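No hydrogens, no waters, no symmetry mates; every other heavy atom, side chains included, goes into these values. Just so it is clear, the structure is predicted and the values come from calculations on it, not from any experiment.
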Amino acid sequence: MLENLSWIMYGFSIALTFKNLFAAFLGAAVGLFVGIIPGLGGITGISILLPLTFHVHPTTAIIFLAALYYSTMYGGAYSAILINIPGDSPAVMTAIDGYKMTKQGRGGKALAAATISSFIGGTLGILILTILGPTLAEIGLKFGSPELALLVLFAMTSIGWMLGEDIAGGLLATGIGVMLATVGVDQAVGISRYDFGQINLLSGISFIPLIIGVFGFCQVIEMVVTPALRKGGKTAIGFKECSLNKKEMKRILPTTIRQGILGTFIGVMPGSGATTSSFLSYIMEKKINRNKESIGEGAIEGIAAAESSNNAAAAGAMAPLLTLGISGGATTAVLLGGLTMWGLNPGPMLFADHPDFAWPLISSMYIANIICIVLAFVCIPLLMKAVSVPTSVMAPIITAVCVIAAYTSGNNMFDVYLMIILGVFAYFLKIANISTTPLLLAFVLTPMLEKYIRQSFDMSAGNLSIFYRNGICWTFILLILAMMISPLVKRVVATKSKIDK
Amino acid sequence: MIYLNKAANKVAPVLAILVGVYWVLGGIGYGLWINNGPGGGLFPLIGGIVTIVSATIYMIKLVKSEVEFNISARMLTPILTTIAAIIISYLMGLILSLGLMIVVWLKCYEQYSLRKSLTIGVATSIILYLIFVLWLKTPLPMGIFKKLLY
């Protein structure tokens, strides 16, 4: 612990040099911008800018890329809150409460809640990474395919918590999500499923056209159809409207701390990542938060849960990357490629062989987090000006952004047509009063569940006992059972108390 | 206001039932259990069954409640203009066709002045060009300009 403290101080002494500080600033600024643009995320930003880093020292390069990776998490929330188009998949849950707050004229508060929660969650994640990095990575390694399958199954059963009274509608959306997720070549047996003869569907439906269609294009149709939404409102952009007061800070603080810790642990697990963590955290808060009734209707707690968790997960994902050389997701895989190209071998010896690289990177993450929050608060009033633009002007502009963002996801027009079809279908779901959130959750989790279940059966030659092979498995089995039984128990208790009354 | 259909809120469940049936039949064809593990058809089958059952229950609920939703013909505006812009993009490139879409949308549908419509359309096109073409080097469709440039 004390040794880590002295190393982190050493890291700060390198990270705080002008060159590295500038790299962190540049990475944070570019990442914030990339995150705001719908359809682009950390992976796009890092992939595009990775070649530029070969001309600088590896430490400066990784500081730049880590700051960029990190700040895209901040930026992704802004377009979700302001125009209901999540910049990246981890921001999907932020859009639920964020956009509702914008419609209620509280967009500034929503942006402030997202920024502060991102900062707290991110800082917690880095702090846990500093103290427990190698231990965390070891824990992450204990999660094999059966454990991960049960974790994903746990996340899927928790959809039930989001359904509320409308169970049939929620299950309908979940079923559609599962179906959409099964399009494309089945990796295990190599057959193509539901491709309708389209070569573009062989790799499945991309997440970007789906979220842009379901959130963005559907929103445009609603803007055009609903007269009440067509008037441009005056939006206050003063300090008071773009920050949180003491009472609001008290409301989000327990949420951000809870979900920051949870997010870090989920981020450490290979293959789960920031999207899963933000989904789980949101659902958890919807169940346990003191203000749970208003989550989903435009509550800062909903934003805080998702944002704190996805930023913490981004920090947590660095633990297996640096200490074991294992990437947990696509973005960290690109970072891993960068490390190898710079001649570094991430793994247990990285901290021993290259302390001048590893510790400045961790220190720079603290600095980048501070730069991100400062930059974000400078940007909030400017971003809020966009909300005061009349909807009649915003609708065609958002449509243009939807088209180009969907095209960019796969560089083909097929994704644009797909985005339109999914957007129209999402609008029909909306007018039938069916929430699309379970659809997105099922779409993200189903491929993971399918993959891990298959791998588990391959490992055990079809023996089911692999799913209860250790304590981690049993913990998840009990959690899943509790999750499935709790709505029934709740209903029985409610009916009983009604009869008693 | 012109309305297209009174029962628009029933479109999604009906569509879901039809797609669900297709998914179930397809799932059975792909195989449910192969080589000691789930086959390619197991998850589609589960998704299809969940969809059919829940959509049927939801449909019955909607019919019983007699709630109707009048869908406005206005919803066709963004769909048709976007499709038109995509078709035109094969001729004049994506950025220009989206700019044109904004101008036509604002002038014809929202009744803005030509000057204001042009300003917004051109400004958006320039911003999109700077971000996606100049900075991110996205290979966007360029239409006839590709032949002129190369």
CG (Asn35(B)) with more than 12 external heavy atoms under 6.0 Å: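 Atom CG in Asn35(B) is not packed in, count stays at 12 or less.
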
Where does [X] contact chain A at under 4.5 Å (heavy atoms): side chain, backbone, both or neither?
{"X": "Leu106(B)", "result": "side chain"}
{"X": "Val19(B)", "result": "both"}
{"X": "Ser89(B)", "result": "side chain"}

Closest non-hydrogen atom pair, [X] against [Y]:
{"X": "Trp23(B)", "Y": "Phe196(A)", "result": "CZ3-CZ, 4.3 Å"}
{"X": "Ala168(A)", "Y": "Ile57(B)", "result": "CB-CG2, 3.9 Å"}
{"X": "Trp105(B)", "Y": "Val224(A)", "result": "CZ2-CG2, 3.7 Å"}
{"X": "Tyr407(A)", "Y": "Leu140(B)", "result": "CD2-CD2, 3.4 Å"}
{"X": "Asn9(B)", "Y": "Ala432(A)", "result": "O-CB, 3.2 Å"}
{"X": "Pro44(B)", "Y": "Tyr194(A)", "result": "CB-OH, 3.2 Å"}

Are any of the side-chain heavy atoms of [X] and [Y] separated by less than 4.5 Å?
{"X": "Thr408(A)", "Y": "Phe132(B)", "answer": "yes"}
{"X": "Val403(A)", "Y": "Met101(B)", "answer": "no"}
{"X": "Phe43(B)", "Y": "Pro447(A)", "answer": "no"}
{"X": "Ile95(B)", "Y": "Ile404(A)", "answer": "yes"}

Rounded at 0.5 Å granularity, tell me how far NZ in Lys10(B) sits from CZ in Phe428(A). 13.0 Å

Any chance you could measure Ile46(B), atom CD1, to Glu450(A), atom CD, to the nearest 0.5 Å? 9.0 Å

No-hydrogen, no-angle side-chain donor-acceptor test under 3.5 Å, Tyr112(B) and Ser392(A):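 Present: a donor and an acceptor within the cut-off.
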
Out of [options], return the one with the most heavy atom pairs under 4.5 angstrom to chain A.
{"options": "Gly26(B), Ser117(B), Gly41(B)", "result": "Gly26(B)"}
{"options": "Gly37(B), Pro38(B), Ala16(B)", "result": "Pro38(B)"}
{"options": "Thr124(B), Thr82(B), Val50(B)", "result": "Thr82(B)"}
{"options": "Ile49(B), Leu42(B), Ile79(B), Thr77(B)", "result": "Ile79(B)"}

With distance as the sole test, does Arg193(A) use its side chain to make a donor-acceptor pair with the main-chain N or O of Tyr30(B) at under 3.5 Å? no

With a 4.5 angstrom heavy-atom cut-off, is it the side chain or the backbone of [X] that approaches chain B, or both, or neither?
{"X": "Met413(A)", "result": "side chain"}
{"X": "Ile420(A)", "result": "side chain"}
{"X": "Ile221(A)", "result": "both"}
{"X": "Asn433(A)", "result": "both"}

